[in-house]
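Report on the following structure.
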Amino acid sequence: MNDLASLPARLRELRTSRKMAQDRLAAAIGVSKSLVQSFESGKLVPQEGTAERMDEFFGTGDEIQRAAKDAREDRQPWLRSWFDQERRATLLRSWAPMLVPGLLQCESYMREVFSAVPSNAGKVDALVAKRRERQAATIDRDDPVGLSAIIGEVVLRRGPSEVLMDQLGHLVDVGHRPHVRIRVIPAESEGIHVGLSGAFVIANLPDGRRSGHLDDQLTGHAPTTRGDLGHLELAWEEIDALALPVVQSRDLILRTLNEHR
């Protein structure tokens, strides 16, 4: 059962193949008839204990348990690792006011960023490899994830000159890819706005749902309510309105690159 949407149909199939009414199945696994109805209509997903009893009753090994676990995570995308959500996304919208977003970083820039954190001592190579793996699984793969990235102009000037030359050149190169859009908010028009509260990413998932990720000093965290995600959507709209178009942004990046030569 590979398709998560097939779980309700599979539960109906297992029950009807035994010519059982919903109330009989409910009694056999110790739940109410209305709960069985909700499982078969897709309104609810069996919890671990219920899924285990269903597998035992139908003799399906751990099939229902695995499918229910996947379905629960799909309904609550923040339970999945952010790496997995990036990989599954059809579009990533990234706002980064202080640093180049991870998916757009070149290796020398990654090393500079990771080395600035004392707790990363001895782990920089592993962290770089992990970030390169994320890039390979998203924007660098054959069927790439779409990326719309907005950065503050200050990002273009933060770091050693030789590292910035590599990084800005990389932004220009990757920005020519059809699935990548890089835009800049110019310093003179930025002012005070909601995006200065911190970096974030919004992922559009294949089923039409959205998930988010907010950067912090540790590993980042996910908004877990519809209201929190709605806040990020509104923040993105405000940030989007301040950013230069793609071509003008590229020109600004090129001018800044020439300053470092």
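Along the sequence shown, the residues carry numbers beginning at 1.
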Can you establish whether the number of heavy atoms outside R132 located under 6.0 Å from its atom CZ is more than 12?
no
Is the side chain of K123 donor-acceptor paired with the backbone N or O of S119 at a distance under 3.5 Å, no angle test?
yes
Here the gap from T256 atom OG1 to D251 atom CG, rounded to the nearest 0.5 Å, amounts to 10.5 Å
Is Q105 close to H170 at the side-chain level, that is, under 4.5 Å between some pair of heavy atoms?
no
Quick check for you: to the nearest 0.5 Å, what is the distance between L7 atom CG and E63 atom CD?
9.0 Å
To the closest 0.5 Å, what do you measure between CZ (R181) and OG (S94)?
13.0 Å
Which heavy atom in L147 sits nearest to a heavy atom in L91, and how many Å separate them?
N-CD1, 4.2 Å
Here's one to test your reading of the geometry: is the NZ or CZ of K130 within 45 degrees of the ring axis of F83 and under 6.0 Å from its centre?
yes
Using a distance-only test with no angle check, is there a side-chain donor-acceptor pair under 3.5 angstrom linking T138 and E86?
no
Kindly indicate whether the side chain of S148, heavy atoms from C-beta on, has any atom under 4.5 Å from the side chain of W236.
yes
From CZ (R24) to NZ (K19), nearest 0.5 Å
11.5 Å
Regarding D55 and R66, does a basic nitrogen lie under 4.0 Å from an acidic carboxylate oxygen?
no
Between the main-chain N or O of L35 and the side-chain N or O of S32, is there a donor-acceptor pair closer than 3.5 Å?
yes
Scanning both residues in full, the closest heavy-atom pair of I29 with F57 reads CG2-CB, 4.3 Å
Do V246 and I239 belong together in a cluster built from hydrophobic side chains that touch within less than 4.5 Å?
no
Taking the side chain as everything from C-beta on, heavy atoms only, tell me whether Q85 gets closer than 4.5 Å to R210.
no
Which atom names give the shortest non-hydrogen contact between V163 and Y109, and what distance separates them?
CG1-CA, 3.7 Å
So, R158 side chain and M98 main chain: donor-acceptor pair closer than 3.5 Å or not?
yes
Which heavy atom of N120 sits nearest to which heavy atom of F114, and what is that distance?
ND2-O, 2.9 Å
Heavy atoms, side chains only, cut-off 4.5 Å: are L156 and L164 in contact?
no
R131 and E107 ion-paired at < 4.0 Å
no
Are side-chain N/O atoms of N204 and T90 paired as donor and acceptor at under 3.5 Å?
no
Between CD of E238 and CH2 of W95, what distance do you get to the nearest 0.5 Å?
11.5 Å
Donor-acceptor pair, Q248 side chain versus A243 backbone, under 3.5 Å?
no
Which is it for R183 and D240 under the salt bridge (charged side-chain N to carboxylate O under 4.0 Å, His left out) test, yes or no, and what are the steps along the way?
CA-CA 9 Å; R183 293 183 297 146; D240 180 73; 2.3 Å; yes
Report yes or no: does T50 contribute a side-chain atom to a donor-acceptor pair with the main-chain N or O of P46 at less than 3.5 Å?
no
Would you say R141's side chain and D143's backbone share a donor-acceptor pair under 3.5 angstrom?
yes
Side-chain contact, heavy-atom cut-off 4.5 Å: M54 with L11?
yes
With V124, which of R111, M110, E112 fulfils side chain to side chain contact (heavy atoms under 4.5 Å, CB included)?
R111
Is a donor from one side chain sitting under 3.5 angstrom from an acceptor on the other, for Q65 and E48?
no
I'd like to know if the side chain of S249 and the backbone of L244 have a donor-acceptor N/O pair within less than 3.5 Å.
yes
From CA spacing to verdict: salt bridge (charged side-chain N to carboxylate O under 4.0 Å, His left out), D140, R177
CA-CA 10 Å; D140 289 343; R177 301 181 189 179; 2.6 Å; yes
Would a 4.5 Å heavy-atom cut-off, applied to side chains only, mark L103 and V174 as touching?
no
Donor-acceptor contact present, side-chain H179 to main-chain I139, <3.5 Å:
yes
Smallest separation among heavy atoms of R157 and E153, with atom names
NH1-OE2, 2.7 Å
I'd like to check L171 versus Q167 (side-chain heavy atoms, cut-off strictly below 4.5 Å). Are they in contact?
yes
Mind checking whether I253 and I182 have side chains closer than 4.5 Å, heavy atoms only?
yes
Heavy-atom nearest pair, A89 first then A203, reads CB-CB, 4.1 Å
Measure the CG-OG distance between L205 and S211 for me, rounded to the nearest 0.5 Å.
6.0 Å
For L14 and I64, what are the C-alpha separation, side-chain angles and deciding distance, and is it a side chain to side chain contact (heavy atoms under 4.5 Å, CB included)?
CA-CA 11 Å; L14 289 167; I64 296 172; 3.9 Å; yes
Judged by atom type as modelled, is there a donor-acceptor pair below 3.5 Å linking the side chain of R18 to the main-chain atoms of L25?
no
Surrounding CG of D142 (heavy atoms of other residues, nucleotides or ligands, distance under 6.0 Å), is the total greater than 12?
no
Test: E56 and R53 ion pair at under 4.0 Å:
no
